[in-house]
Structure formats: structure tokens, C-alpha cells
There are 4 protein chains.
Amino acid sequence: MSSDGEPRRRADVRRNEKALLDAAAAVFVVSGIDAPVRDIAARAGVGVGTVYRHFPSRADLVVAVYRHQVEACAQAGPEYLESESTPYAALLRWVDDFVDFLVTKHGLAGALSQGEGFAALHTYFLDRLVPVCADLLAAARASGEVARPDVEALEFMRAIGNLCIGAGEDKRYDARKMVAILAGGLTVRRAASGDR
Amino acid sequence: MSSDGEPRRRADVRRNEKALLDAAAAVFVVSGIDAPVRDIAARAGVGVGTVYRHFPSRADLVVAVYRHQVEACAQAGPEYLESESTPYAALLRWVDDFVDFLVTKHGLAGALSQGEGFAALHTYFLDRLVPVCADLLAAARASGEVARPDVEALEFMRAIGNLCIGAGEDKRYDARKMVAILAGGLTVRRAASGDR
Amino acid sequence: MSSDGEPRRRADVRRNEKALLDAAAAVFVVSGIDAPVRDIAARAGVGVGTVYRHFPSRADLVVAVYRHQVEACAQAGPEYLESESTPYAALLRWVDDFVDFLVTKHGLAGALSQGEGFAALHTYFLDRLVPVCADLLAAARASGEVARPDVEALEFMRAIGNLCIGAGEDKRYDARKMVAILAGGLTVRRAASGDR
Amino acid sequence: MSSDGEPRRRADVRRNEKALLDAAAAVFVVSGIDAPVRDIAARAGVGVGTVYRHFPSRADLVVAVYRHQVEACAQAGPEYLESESTPYAALLRWVDDFVDFLVTKHGLAGALSQGEGFAALHTYFLDRLVPVCADLLAAARASGEVARPDVEALEFMRAIGNLCIGAGEDKRYDARKMVAILAGGLTVRRAASGDR
DNA sequence: AATGAATGAGCTTTCATTCAT
DNA sequence: TATGAATGAAAGCTCATTCAT
């Protein structure tokens, strides 16, 4: 209540939020991104009301949970452009990181393609990563390695996201391999007769 | 009671089943494949009991709704192999048909990747189409057009299915284009250093 | 439609009714007296509508199913009074028959105690058998073997019916033995202090 | 937050639970032990979810509703053995209490004989009361008042329970009287020729 | 600010009963 | 008269979300 009561409280709140994020991350892995709020609250050792106070909507929680990784991924783009031998190599490496991220988060890829109620989530991810991917793509196009000028970063990323849906659930489906093939397809000049 | 008594009733039932299938198809487009049974019944103008009478499980309904298209798709495979100039051209055309099918049925692609409770559905689709795709793929490999011997029909189809998830919801995402790129990737020989 | 069409129809109807009774008896044994109408219709090889035509209410069906046995039981009373050595012996034997009847019909005893919706059933059974039991009881009282003048046939029979509920479901519960003890209790003069 | 914050909430919850128990007891009387959860919730003035929160399964609710009486009944056994003039008198009095309990709870006796889905209920009642009854029975046998050594507490109690089914619905059926006769039957030596 | 009890909509599924054919 | 398709009322159960404490 006094000036030194606040900091204590704030510390508590922060601790709570951390616990919530950890719990959500753990639960998401097991039960997917649609896991019951109660499960998350229980694992964090807080009441459900607390979850709602910190994260009014589910998307807010999801965004918060994955913010760190998204940031890391965003920062890796420019770095690879410097460190890798060619822009396309940089693109491939970055794509691989992105796949890593999606594949380890069970259900995340699916949620990203849903839009339905996950608008905020969708928005955040794309706003942050699309520019990064666009730079990589543009560079690889400029270097002549990527032969498709008609592929935008947004759709490319979304395609990667989609390919990662359900990855890990079925041994016979290797998302990483399919993404590699997709990336390979970028180097192929479109047939004269058109795609269709 | 006589030999023509049966057909009359059956005609009614068939009409009803048709209404149900149409209603389900329409509702699936709007609410996805998990739409409440009540909604489907309401749209068909029948009671929920009728839905259950015709289609004991949800998967039965979904399979019924899409059976025609699946069959058509299955039959097109061998035909294209004969009519198209090369096996790879046949594969591309068949893939295009498959995409047509998935893209028009909102939510179907997603359901196929879920497995979760849709085992029967999943099974039906794959049992019917994977062999067809496998033949096309094998032929295109034999002709030297497809350079990836490590891509199985199952995973290729699944990748296509995934790429079609959410198609039509966002103008900026053209599933057909991304599938074309994936298919193009099949012609690219894998880098010596591996995909990763 | 003509005068000779009727008999044929009537024969059909009778056959149907017989099939229905047999089916119902069989189903009652397995699923109890509340078994789904459909099950009965299916086993009889007729439509559910036919069941309703023949037996408008469930009780009607139950009554019909057990009518034969009830009649046999009703007729046995006077006979035993003649053939057995004493009226009480006759009573015991008759009670034993009654128990036989109830115990073999799974769920019947329970239905008799429900009243709820089985009024007709209840009524039929009691109207037919209570007088018989009353005669036996009166005779055994007259002979001095039964010491309780305050026990009416109706309540005695109902007690027997109740004791038979669930008989056969649990090896540790021997309905016949308990009925024997109850019957034995009839011979005990009420304590001076009253039953309560 | 402080040590007296807890009790306040708990008081509310307890009040609610009480309302639920009262409502359930009342509804059980009218509609039997299988009454719709919705009805109970409505009568208690709470949502169905609240019922499930407090009593996850129906058996839990039933057990809770009758726990007090069962406990009282269990404790009365040994007491009567001390206070009454003879063991048999104690048995009679205890049986009377048991009947009191069953007769006032319409539908309970029936549920106990069902087993079907009420395993937990059945188990609780018997685990608690059978030993008590067994002691009374053994004592009465030891004193020579009970002449049937072949009657187990379990079956005796079950017989009593059965005799109480439907008690109160029909003025002409006096469950208490019939139980008294059954208890009287315990004192009768079995006929040489057997019960049958 | 945190809690978690309460709410109630919403979904599935089962059958008794009706009624068009 | 027989059929069985259709109906729709029930009932169980599960959360997302609110809100009193």
C-alpha cells in the first residue's frame, strides 16, 4: 500500500506470469494449443482467474509463450545473410530454424493456420517474421539462386507452417524433408506452360 | 409390399440422405468438419436422430460427403498417365485435381491431418488415393523427371493436404501455387551435403 | 379383400403376435423388462410399428408375455390345497412355484414393484393371483399352522416379489431361501410387546 | 489471504454443498436415485457444473446424501447389544432402525439392489453395515434365539432392503411388518425335509 | 490481485413414439 | 396392416468465462 508495498507486489506478479508461461508452454506441448485453461492454471499453481487477468485471450498467452523464440528467429535472418556462403544458403538455414521452432511446439503450426480466434497470434508472428523472410528471399532472388519471382515471403512462410502441421505425430511424415523439397522448388523456373 | 413398394420408400430415404449430404457439405464449408450435428440436421431440415440413423459416426458422414470426389480423383490417376505427354505431367495434373478437391472443401484438409477421432476418414482417403499417387510417382521417377527417390506417396500427399489447409481464407495465400512449387522441388536433386 | 382374404391375414397377425411374444420373452431375459422396443421388434423380425399395434403399452406386452405362467400359477393353488398334506404345505409349495416364476423372469419382480407406468401389469398379476394366495393363507390360518392373522395375501405376495428382485445376479443372495424364512415367519406368533 | 480468509469462502461452499445434499435428498424421494442431474441442480438453485464439482459421480452424491444415517445405523448396533435384554431383541431393534432408514428414503432400497452403476454406493453401504449386522446375528445365534445358522448378514440385509422397496407407495403394503415376519422366521428351525 | 466456485451454453447420443408410404 | 424412417425430448458431461470473496 505504501511505496515499498508496490515493488513486492510487482515481483509477485512477475513471478506469477513466469510460472504461467512455463506452465502454458509445458501444457501446449502435451495437449496442444487448445488445452483447457484449467490445466494451465493448475500446472502453474494459480487460479484460473489469474490466467485471465494476465492473458485476457488465449492468443495473448500463446504469443507470450513463444515470444522469445520468435525474437531469436527474427534476429537470426540478417546474421545468416552475413555468415552463410550464399543468400540461398542463408535462406535454407533460416527456414530450418523456423521449422525447428514449429515442430517442437505441438499444435502451434495448426493454430497459426486457423486465424479463427487466433488473429492476434497470427498477426504477431507474421508481423515479426515476414520482413525477415522477405529480405532473405529478395537476396536469394537477387543472387539468381531463387528462380521464382512470384513467391512472397508471407505465402512461403505460411506454406512452411502448414507443412509442419502434425509433424511428429506420424513417423511416416517428415515435415523437414517436405520443407526442404519446397525450398528446392524455389530454384526451379516455372514451366513455360504455366503452373496450370 | 409388391416389388415396387420398396423403391418408393427407398426413393424418399435417398432424397433425405441427399439432403443430409448436401447440408453437411454446406455446413462443413462454413463451420469445418467438426460442426455440431444439430447444425447439419437443422440445415437438412431433419431431426438429429436422422443424422445418426444414416451416419452413425461423424467419419461416416464425412466420408460419404466426399466419396464421389475421392473416387473421381482415384480414377483420374491412371487416365492421366495415358493421356499426358510424360509421367511427370500426369502427376502434375493429378496433383492439381487433388488440390482442387481439397481447396473447395474447407476444413477437409485440416481434418485429414488430425487423425484424432477421424481415423476412419483418414484411412479411407489414404487407402484409396495413396496407391494412385504412388503409381504416378513411380512412373515419374522411372522417366527420370523426378529426382527424389526418397519421397513416398503418403508423405507427398500429406504435404499437399497440409499446404491446402486454410486455402481460400486468405487471398494472399495461394495453395495451388505452393503445391506447384513443392512438385517442382521433386525434380531437384538433393544437395550432396544433405538437406540439413 | 374378399371373404377369404381375411382369414389369411388373421393367420399372419397371429403368427406375428406369437413371434413378438417369443421375442419379448427372450429379450426380457437378457435386457430386463425395460428393453428398447427396437430390440424386441428386431428379434421378432417385425417393424417397431407392429409392436405398438399389437401392444399399445409396454405393460400390455409384459402381461401378454407372462399370461400363461400366471394362469398356471393361479390354477395350481386350489390343486395343492387338495393334494398336499396340510394347507400350510400347500401354501409353501405354491409360494415356491411363484418364486420359480419370478426368478426365471429377470427384471419382472422389479417391474412389479414399480407401479410407475406398470399399473396395468401390476393390476393384472395381483387381480389374478391374490385371490388364490388368499385362499391358501386362509386355509393355513384355519388349520392353525399360520399364526399371523394380520398378514394379507396382497402384502405377502408383494413381499415375495420384492425378495426376488435381483435374484440370480449375486451368488451370495438366495431369494428362495429368504422367501422360505419369510414363510417360516408366518408360523411365529407375534411377540407380546408387538412388532414395534 | 490471512488465516480467516479461508473459512469464509469455505462457509459458502459448505452452504452450497448442504443445499445440494438437501436438494438431492428431496429429488431422490420424488424421482428416485436416477433423477436427472439437472433436476437436482435446479432444485438446489445451482448450475449443473456445480453438482459435478462437488460430486463427480452420481454414486458420490448418493453416498453423501445418506452418509449420516448410515453412520448412525452402524453405531447403533453395538449399543443395542448392550442395552437390550437379549441379542435377538437387539437385532430386532437394529433391523427396525435400518428399515426406518430405508423406508424414509424412497428409491434408495431399489438402488441398492441394482448394483448396475452403483457399485460404489452398494459397496459403501455394505462395507459399513454388514459387519454390524453380522455381529448382531452371531450373538443372537449364540444365545440360541436364532435357529438358522445358514443365514448370512449380507443376504439378510439384502432381503430387508428388498422388502423395503416401494414402501410407502401403497398403503396396503407395510414393509415394516413384513420385515418383522422375516426376522421372526429366523427363529424357526428349518424343516427336516429342507426348504424345498 | 488472486482465487476458484459457479454458471450455463453446447455437444453427443439414445430411444419412445408417431406417421407417411 | 406392416414397416421403419423421422422426430425430438432427454440426459450426461465438459469447459470457457465470470465474479463474489
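Quick note: numbers below take in every heavy atom, side chains included, and nothing from hydrogens, waters or symmetry partners. The chains referred to below are lettered A, B, ... by the order of the sequence lines, with proteins before strands, and numbering in each begins at 1. Given the structure is predicted, the values throughout are model-derived calculations rather than measurements.
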Exercise for review: Nearest-nucleotide wise, let me know which of D/Gly49 and A/Gly47 is further upstream toward the 5' end of DNA chain E.
Suggested key: A/Gly47
Revision key, fill the gap. Rounded to whole Å, CD1 of D/Ile40 lies from P of F/dA11 at a distance of 11 Å
Check your understanding: Name the stems with DNA chain F in them: runs of three or more consecutive Watson-Crick or G-U pairs, distances under 3.5 Å?
Key -> E:2-21 with F:2-21
Point to revise | Side-chain (B/Asp127) to main-chain (B/Tyr124) donor-acceptor, under 3.5 angstrom | key: no
Check your understanding: CD of D/Glu17 versus C1' of E/dA5: gap in Å, rounded?
Key -> 12 Å
**Study point:** B/Arg53 (side chain) and F/dG4 (base): donor-acceptor pair under 3.5 Å
**Key:** no
Exercise for review: Give the rounded distance in Å between these two atoms: CZ of B/Arg14 and P of F/dA6.
Suggested key: 13 Å
Study note, to complete from the structure: C/Val13 has its side chain closest, among F/dT1, F/dT3, E/dA6, to F/dT1
Check your understanding: With respect to the side chain of C/Arg38, which nucleotide from F/dA6, E/dT13, F/dT18 is positioned closest?
Key -> F/dA6
**Study point:** Ring geometry between D/Phe125 and D/Tyr66 (parallel below 30°, tilted from 30 to 60°, perpendicular above 60°)
**Key:** perpendicular
Exercise for review: Report the distance from atom CG of D/Asp60 to atom P of F/dC13, rounded to the nearest whole Å.
Suggested key: 11 Å
Exercise for review: Using heavy atoms to find the nearest nucleotide of DNA chain E for B/Pro36 and C/Val48 separately, return the residue whose nucleotide is more 5′.
Suggested key: B/Pro36
Review point. Which one, E/dT7, F/dA11, F/dA6, comes nearest to the side chain of B/Asn16?
Key: F/dA6
**Study point:** Separation of atom OH in B/Tyr52 from atom P in F/dA9, rounded to whole Å
**Key:** 16 Å
Check your understanding: Do any side-chain nitrogens or oxygens of B/His54 fall under 4.0 Å of OP1 or OP2 in F/dA6?
Key -> yes
Check your understanding: What is the distance from CD1 of B/Ile33 to P of E/dT12, rounded to the nearest Å?
Key -> 14 Å
Practice item. State whether A/Asp22 and A/Lys18 are salt-bridged, where the test is any N-O pair (Lys NZ or Arg NE/NH1/NH2 against Asp/Glu carboxylate O) under 4.0 Å. Key: yes
Point to revise | Integer-rounded Å distance: F/dG4 P and C/Asp39 CG | key: 15 Å
Exercise for review: Return the nearest nucleotide to the side chain of D/Thr50; candidates are E/dA6, F/dA6, E/dT18.
Suggested key: E/dA6
Check your understanding: In whole Å, what is the span from the CZ atom of B/Phe55 to the C1' atom of F/dA5?
Key -> 14 Å
